[in-house]
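One structure below.
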Amino acid sequence: MNASLLLLADSRLPAGGHAHSGGAERAVATGAVRDEHDLAAFLHGRLTTTGRVAASLAAASCALATTLLPDATPAGGPASGGGEAGWTALDAEADARTASPAQRAAARTQGRLLLRVARRIWPSPVLDGLALAVPSPHHPVALGAVAAVAGCPPRDAALAAAYHSVTGPATAAVRLLGLDPVAVHRLLATLSDTLDAIAGTAAASPHPDPTPPEGSPSEAPDVWAALPAHAAPALDLLAEQHVRATTRLFVS
Amino acid sequence: MTTPPPPATPRAAHPPATPGPATTPPDTHRTALPHSAAVHLATAPQPSDARRGAVARGPGGRRAMTAHAAIAAEMGGRGRVVLSTLRSAPPLTLRQTGPERVHLVATAAGPLGGDRLRLDVRVGPGARLEVASVASTLVLPGRGESVMVVEAHVEAGGRLVFTPEPTVLAAGCRHRMVVRLTLAAGASAVWREEIVFGRYGEAPGRCHSRFDAVHDGRPLLRQEFVVGDPAVDGSPAVYGDARCVGSVLFAGDEPRPLAAEVGEGRAVLPLAGPGTLVSALAPDAVRLRERLALPAPDGP
């Protein structure tokens with residue numbers, strides 16, 4: 001594991017993650033999550049659906065970014081950065097897996113903020129290229145690219161994405177329900193095997209050749225098409241209810 | 001060897017004469033199937049006689065089946081739609097029930113474990129086709145996993161309405177559903193999918209469904225539903241206390257843009273690409289259908 005992963009996964013990274021509850025606030029408001037037991041089920045379900053998809057996208061993004069890093073470019077080859085067609089295609093794969101407009105907006109807001117701070121922390125033409133191709137990428141796409149630039153392999157990017165999918169809601173629930181923070185961290189600890197398994201599977205997915213075939217730059221490679229797409233219909237409903245709510249503590 | 005080798009392409013036997021006005025012309029149409037990385041279980045070499053395909057005998061009292069049915073609609077002369085292919089393959093039996101409508105009639109119980117079923121649908125340029133089913137599909141256990149693959153292509157100006165009755169997951173079933181919907185630029189489709197978690201009072205078997213819709217070469221909607229893991233099914237993030245999940249996709253050039261909306265157990269979700277998804281959760285199939293309906297009088 002690269003130490004940069006700790007920085008990336010740290011909730012103190014000033015990338016705005018604390019403003020999002022990942023549906024937890026609305027789940028609490030509607031009574032779907034009332035206690036620690038409900039929260040455990042909420043987090044487990046979120047991790048195995050949305051978290052799995054985010055992990056796979058982050059691993060794919062990290063693999064793509066790694067091929068674009070300056071030292072991955074053959075001498076005399078094209079300037080590093082770029083990868084526009086790849087970024088656009090991968091981001092479109094994230095869009096196709098996020099039916100809820102509210103969730104797409106939340107993912108893009110978090111992706112834009114992460115990319116902005118990361119370009120100052122780990123300046124790289126790869127991140128410049130991503131920002132140029134997709135100014136507000138889905139969070140897992142941004143996270144994967146940033147992880148690669150910070151020196152992390154796809155598995156670490158996947159782990160950070162999966163972890164991010166549960167820690168935000170867990171922290172939010174502590175604040176919203178006044179739960180015992182230690183008990184909630186114990187819940188997170190029980191998810192670590194699942195986190196590892198999801199990250200391992202995500203990183204083992206085949207990743208495409210970074211150069212798409214000539215003449216079809218808009219078509220995502222088949223390996224991206226086959227990435228997991230687990231839906232969480234209740235989260236979609238919660239997200240759409242939340243953006244319409246008049247009183248809310250969290251953005252999502 | 002007196003037995004001829006299986007044909008190189010998957011091919012099911014022609015069914016016995018299908019009642020109704022449909023004609024089954026020689027099988028001139030063969031859909032080109034893109035080979036994505038998604039599962040292609042049903043494209044494995046098949047025996048020449050679909051009903052002789054496998055040996056496992058399930059609780060339904062029949063053997064596992066391998067079947068490959070196909071429908072193709074084209075524009076004929078005088079602006080009429082012609083079904084150039086209507087190939088049943090038991091248990092997938094097809095009946096033409098209107099000028100542009102085909103009903104799927106299950107002629108055997110199931111699917112049950114071990115079944116490998118596939119339906120190809122092709123709507124040619126400017127043509128219209130509606131596919132429905134006469135009854136819900138009850139997925140039963142058997143030997144191994146049952147697989148249902150639907151591969152649909154809609155050409156420019158074509159419109160496909162695919163609204164079968166729900167799939168009900170009986171206890172102990174292991175089912176895999178794969179839908180690949182490919183729309184050309186200028187094509188449109190309405191696609192309904194409803195999954196019911198077991199018969200009344202019954203815990204569901206396992207199901208993994210994957211839906212991939214691609215419009216003009218770009219991914220429009222990819223979603224998987226996994227049912228049958230109690231730790232996930234009951235999660236307030238996934239299905240909560242619902243017993244049914246469903247969605248209706250309006251894809252491509254639909255005349256009515258739908259505004260985002262959220263109500264009891266349902267949401268109208270405008271997609272990033274050209275399409276809208278109505279997504280719903282419900283305690284039973286009747287309420288699921290109500291929640292998937294649009295307020296407009298011409299809803300699905």
Side-chain angles (χ1 to χ4, degrees), chain A residues 22-24 27 30-34 38-50 52-53 89 91-104 169 205-206 216 218-244, chain B residues 34-39 180 195 208-226 229-242 244-247 249 259-273 275-282 291:
Chain A
T30 60
V33 171
R34 296 168 207 264
D38 296 340
L39 180 62
F42 182 88
L43 296 177
H44 181 68
R46 195 173 204 286
L47 177 58
T48 56
T49 53
T50 310
R52 185 190 307 276
V53 175
D91 194 69
E93 291 291 341
D95 259 347
R97 287 164 175 77
T98 320
S100 150
Q103 297 220 62
R104 287 197 300 274
S205 299
S216 61
S218 67
E219 283 193 36
D222 276 356
V223 286
W224 285 347
L227 290 175
H230 293 70
L235 284 181
D236 289 347
L237 296 183
L238 291 169
E240 293 300 321
Q241 288 163 1
H242 193 67
V243 289
R244 291 163 178 80
Chain B
H35 283 268
S36 76
V39 295
R180 287 186 290 266
I195 303 173
H208 183 167
S209 88
R210 170 136 189 157
F211 182 91
D212 285 275
V214 174
H215 177 268
D216 192 18
R218 293 178 185 86
L220 175 64
L221 176 69
R222 302 195 194 280
Q223 67 175 9
E224 291 174 75
F225 291 121
V226 177
D229 178 352
V232 176
D233 293 354
S235 167
V238 186
Y239 309 124
D241 51 11
C244 308
V245 62
S247 58
L249 171 66
E261 175 209 312
V262 63
E264 170 84 29
R266 79 167 207 146
V268 178
L269 308 168
L271 301 175
T276 305
L277 186 74
V278 183
S279 175
L281 289 167
R291 289 174 183 183

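Just so it is clear: chains get the letters A, B, ... in the order the sequence lines come, proteins before strands, and each one is counted from 1. As a basis for the values below, the full set of heavy atoms in this structure was taken, side chains included, without hydrogen atoms, waters or symmetry mates.
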Contact class of [X] relative to chain B, heavy atoms under 4.5 angstrom:
X	answer
A:P169	neither
A:L238	side chain
A:S100	both
A:A27	neither
A:R104	side chain

TODO: Return the option, out of B:L271, B:V238, B:D241, with the maximum number of heavy-atom pairs under 4.5 Å with chain A.
DONE: B:V238

So, [X] side chain and [Y] main chain: donor-acceptor pair closer than 3.5 Å or not?
X	Y	result
B:R291	B:S279	no
A:R244	A:E240	yes
B:R218	B:H215	no

TODO: Under 4.5 Å heavy-atom distance to chain A, tell me which part of B:L221 shows up: side chain, backbone, both or neither.
DONE: both

Task: Donor on one side chain, acceptor on other, B:S247 and B:Q223, under 3.5 Å - done: yes

TODO: State plainly whether the residues A:D95 and A:R97 are in salt-bridge range, i.e. N to O under 4.0 Å.
DONE: no

Open item on the list: Looking at B:R180 and B:D212, is any side-chain nitrogen of the basic one under 4.0 Å from a carboxylate oxygen of the acidic one?
Closed with: no

